[in-house]
Engineer: 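Please read through the structure below; I'll follow up with questions.
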Amino acid sequence: MKTDLTDTAASKINKALVKARRAIGTPAVGMVLTLVIVTDEENAYDALKAAGDASREHPSRTLVVIKRVSRSPRDRTQSRLDAEVRVGADAGTGETVVLRLHGEVVDHAQSVVLPLLLPDAPVVVWWPVNAPLDPANDPLGALAQRRVTDTYACEQPVKELAARADAYTPGDTDLSWTRITPWRSMLAAALDQVACQVQGVEVEGEEFNPSCELLAMWLADRLDVPVRRTRSAGPGLTAVRMDTDCGPIVLDRADGSLATLAIQGQPKRAVALKRRDTAELIAEELRRLDPDDTYASALRYGVERLKQENGGDAPAKGARNSGEREAVPAPVESVAKGPAAEATAEAPVKKAAAK
């Protein structure tokens, strides 16, 4: 069921939600959180579709904030709020309100969103594109327990990661970090099968892919060994090679779907490691609403290294194509580990770490 409201207010939107729920026979509110999506008109459809798919796992009230650009000085002085209320089959398993802000109200989006938040429920804010450099100090970000950004959508992802590290506040996270969860789990499981000392690591992937950088920083942070970053044609992450005193451990995914895990002395194994869509990534992020200490540790560890490598470097020896490069080894000093960093699923086991 859809209801269009033109030149409206938050109180009228709340009344429309109650009326729509009664009309479809579900007066009770069974949602677990409020998801606020801040986007533009161009990316609103994709973000809304991903949120709708994720709502099957996490029933939520989704508020889509679209800040419309005024074309003339007169329009910029005239405030208007248009809304589209969706309940039932049109909104997944929750409720959706699309808010289009015009004029001066664009600068006060938090005052529009605040009355529409579910009472006594967590709030998550997601910027699919054009995220602020400091999400926690953004007026909308200040309303949330979790703030989700995506550096992959930025023009200069590596510089954006450095900025994210400088402004990090507990509760911040990045879909580029969520994309490497299967890789981290697989590498931790591989190291759990051997009693070897890791001496060096190589991470191979697309040049401007922040997930590759984050995985390299995580490995350098947890293993405290030099990590090389080399380029490939993709898609995304393509391989991780760990040199140990028992022989190499290689996780190779050339096609973006099926990977091969090779451990010295064991037969090669095919493992499913497909590239996940945005709905799966958002659903994973909504499963936990506490600060991600492992992400914070990895992000902060690589800031200086990322800044030093922004100018580019020489091609790596034995790289897959002529465009690959060899990264400067990561610094040896690491920040303190958070409590969550001790979990096997999130970090390589202790026996694989260097001194």
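Small disclaimer: the values here were computed from a predicted structure and weren't measured.
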Engineer: Name the one of E207, E204, E213 that satisfies side chain to side chain donor-acceptor pair (under 3.5 Å) with R229?
Structural biologist: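 Among E207, E204, E213, the one that satisfies the side chain to side chain donor-acceptor pair (under 3.5 Å) with R229 is E213.
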Engineer: What about V97 and L48, same hydrophobic cluster or not, with Ile/Leu/Val/Met/Phe/Trp/Tyr joined at side-chain heavy-atom distances under 4.5 Å?
Structural biologist: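 V97 does not cluster with L48.
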Engineer: State, yes or no, whether a side-chain contact exists between L81 and L99 at a heavy-atom distance under 4.5 Å.
Structural biologist: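 They are in side-chain contact.
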Engineer: Can you name the closest pair of heavy atoms from Y301 and M217 and give their distance?
Structural biologist: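 Answer, listing the atom of Y301 first, then M217: CD2-O, 3.8 Å.
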Engineer: Starting from the C-alpha separation in whole Å, work towards a yes-or-no answer on side chain to side chain contact (heavy atoms under 4.5 Å, CB included) for L17 and V87.
Structural biologist: CA-CA 8 Å; L17 284 168; V87 177; 4.2 Å; yes
Engineer: Is there a donor-acceptor pair closer than 3.5 Å between any side-chain N or O of R146 and the backbone N or O of D290?
Structural biologist: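 Pair found, side chain donor or acceptor close to backbone of D290.
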Engineer: Please name the pair of heavy atoms, one in C246 and one in Q264, separated by the smallest distance, quoted to 0.1 Å.
Structural biologist: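 What the structure gives for the nearest pair is O-CG, 3.2 Å.
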Engineer: Would you kindly check if the NZ (Lys) or CZ (Arg) of R300 is within the cone defined by 45 degrees around the ring axis of Y168 and under 6.0 Å from the six-membered ring centre?
Structural biologist: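 Not flagged: R300 not positioned over aromatic ring of Y168.
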Engineer: Salt bridge check: are D82 and R80 linked by an N-O gap of less than 4.0 Å?
Structural biologist: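 Looking at D82 and R80, the cut-off is met.
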Engineer: Looking at V98, V106, I37, V113, which one forms a side-chain contact (heavy atoms from CB on, under 4.5 Å) with V65?
Structural biologist: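 The side-chain contact (heavy atoms from CB on, under 4.5 Å) with V65 is passed solely by V113 among V98, V106, I37, V113.
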Engineer: Applying the 4.5 Å side-chain criterion to the ILVMFWY set and letting contacts propagate, would W177 and I282 be lumped into a single cluster?
Structural biologist: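 No.
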Engineer: Ignoring hydrogens and angles, state whether a donor on the side chain of T151 or D174 is under 3.5 Å from an acceptor on the partner side chain.
Structural biologist: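 The answer is yes; a qualifying pair exists.
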Engineer: Measure from the side-chain N and O atoms of Q110 to the backbone N and O of L140, and report whether any donor-acceptor pair falls under 3.5 Å.
Structural biologist: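 The answer is no, because no donor-acceptor pair under 3.5 Å joins these two groups.
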Engineer: In terms of side-chain geometry, is the basic nitrogen of E284 or R276 positioned less than 4.0 Å from the acidic oxygen of its partner?
Structural biologist: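 Counted as a salt bridge, because a side-chain N and a carboxylate O are separated by less than 4.0 Å.
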Engineer: What are the two closest heavy atoms between S176 and D150, and how far apart are they?
Structural biologist: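 Closest pair (atom of S176, atom of D150, distance): OG-OD1, 3.4 Å.
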Engineer: Looking at H58 and A283, would you say the former's side chain and the latter's main chain have a donor-acceptor pair under 3.5 Å?
Structural biologist: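 Yes, because the side chain of H58 sits within donor-acceptor range (under 3.5 Å) of the backbone of A283.
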Engineer: Using modelled atom types only, decide if a donor and an acceptor are shared between the side chain of S55 and the backbone of G52 within a distance under 3.5 Å.
Structural biologist: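 Side chain of S55 to backbone of G52: a pair is present.
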Engineer: Could you give me the CA-CA distance, side-chain angles and deciding distance for S297 and D221, then say whether side-chain hydrogen bond (donor to acceptor under 3.5 Å, both in side chains) is met?
Structural biologist: CA-CA 7 Å; S297 181; D221 181 41; 2.5 Å; yes
Engineer: Run through V36, L35, T39, V38 and flag the one making a side-chain contact (heavy atoms from CB on, under 4.5 Å) with V64.
Structural biologist: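 For V64, the side-chain contact (heavy atoms from CB on, under 4.5 Å) test succeeds with only one of V36, L35, T39, V38, which is T39.
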Engineer: At their closest point, which heavy atom of S111 faces which heavy atom of P115, and how far apart are they?
Structural biologist: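 It is O-CD, 3.2 Å.
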Engineer: With a 3.5 Å cut-off and no angle check, do the side chains of E202 and T230 form a donor-acceptor pair?
Structural biologist: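 Indeed, the side chains of E202 and T230 share at least one donor-acceptor pair under 3.5 Å.
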Engineer: Could you check whether D277 pairs with K49 (Lys NZ or Arg NE/NH1/NH2 to Asp/Glu carboxylate O, under 4.0 Å)?
Structural biologist: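 No.
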Engineer: Using modelled atom types and a 3.5 Å cut-off, is there a donor and acceptor pairing between side-chain atoms of R61 and backbone atoms of L116?
Structural biologist: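 Yes, the answer is positive, given that a donor and an acceptor are paired below the 3.5 Å cut-off.
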Engineer: Could you check if a side-chain atom of M242 sits within less than 4.5 angstrom of a side-chain atom of L187, using non-hydrogen atoms only?
Structural biologist: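 Yes - at least one pair of side-chain heavy atoms lies under 4.5 Å apart.
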Engineer: Is any NZ, NE, NH1 or NH2 atom of the basic residue among R86 and E95 found under 4.0 Å from an Asp or Glu carboxylate oxygen of the other?
Structural biologist: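 Not counted as a salt bridge, because no side-chain N and carboxylate O are separated by less than 4.0 Å.
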Engineer: To check you understand the geometry: which heavy-atom pair defines the closest contact between A259 and R253, and what is its length?
Structural biologist: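 For A259 and R253, the tightest heavy-atom pair comes out as CB-CB, 3.8 Å.
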Engineer: Indicate whether any N or O donor in one side chain lies under 3.5 Å from an N or O acceptor in the other, for N43 and D40.
Structural biologist: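 N43 vs D40: donor-acceptor pair found between side chains.
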Engineer: Of all heavy-atom pairs between A121 and L33, which one has the smallest distance, and what is that distance?
Structural biologist: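 A121 and L33 have their closest heavy atoms at CB-CA, 4.2 Å.
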Engineer: Let me see the working for V240 and V250 under side chain to side chain contact (heavy atoms under 4.5 Å, CB included), right down to the final yes or no.
Structural biologist: CA-CA 6 Å; V240 174; V250 180; over 6 Å; no
Engineer: Cation over ring, R147 on W127, under 6.0 Å and within 45°?
Structural biologist: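 Because its charged atom misses either the 6.0 Å distance or the 45° angle limit, R147 does not stack over W127.
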Engineer: Under the 3.5 angstrom rule, does the side chain of R56 hit a backbone N or O of P59 as a donor-acceptor pair?
Structural biologist: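 Not a single qualifying donor-acceptor pair exists.
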Engineer: Hydrophobic clustering (ILVMFWY, side-chain heavy atoms < 4.5 Å, transitive) - are V112 and L143 grouped together?
Structural biologist: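 Yes, L143 connects to V112 through the hydrophobic network.
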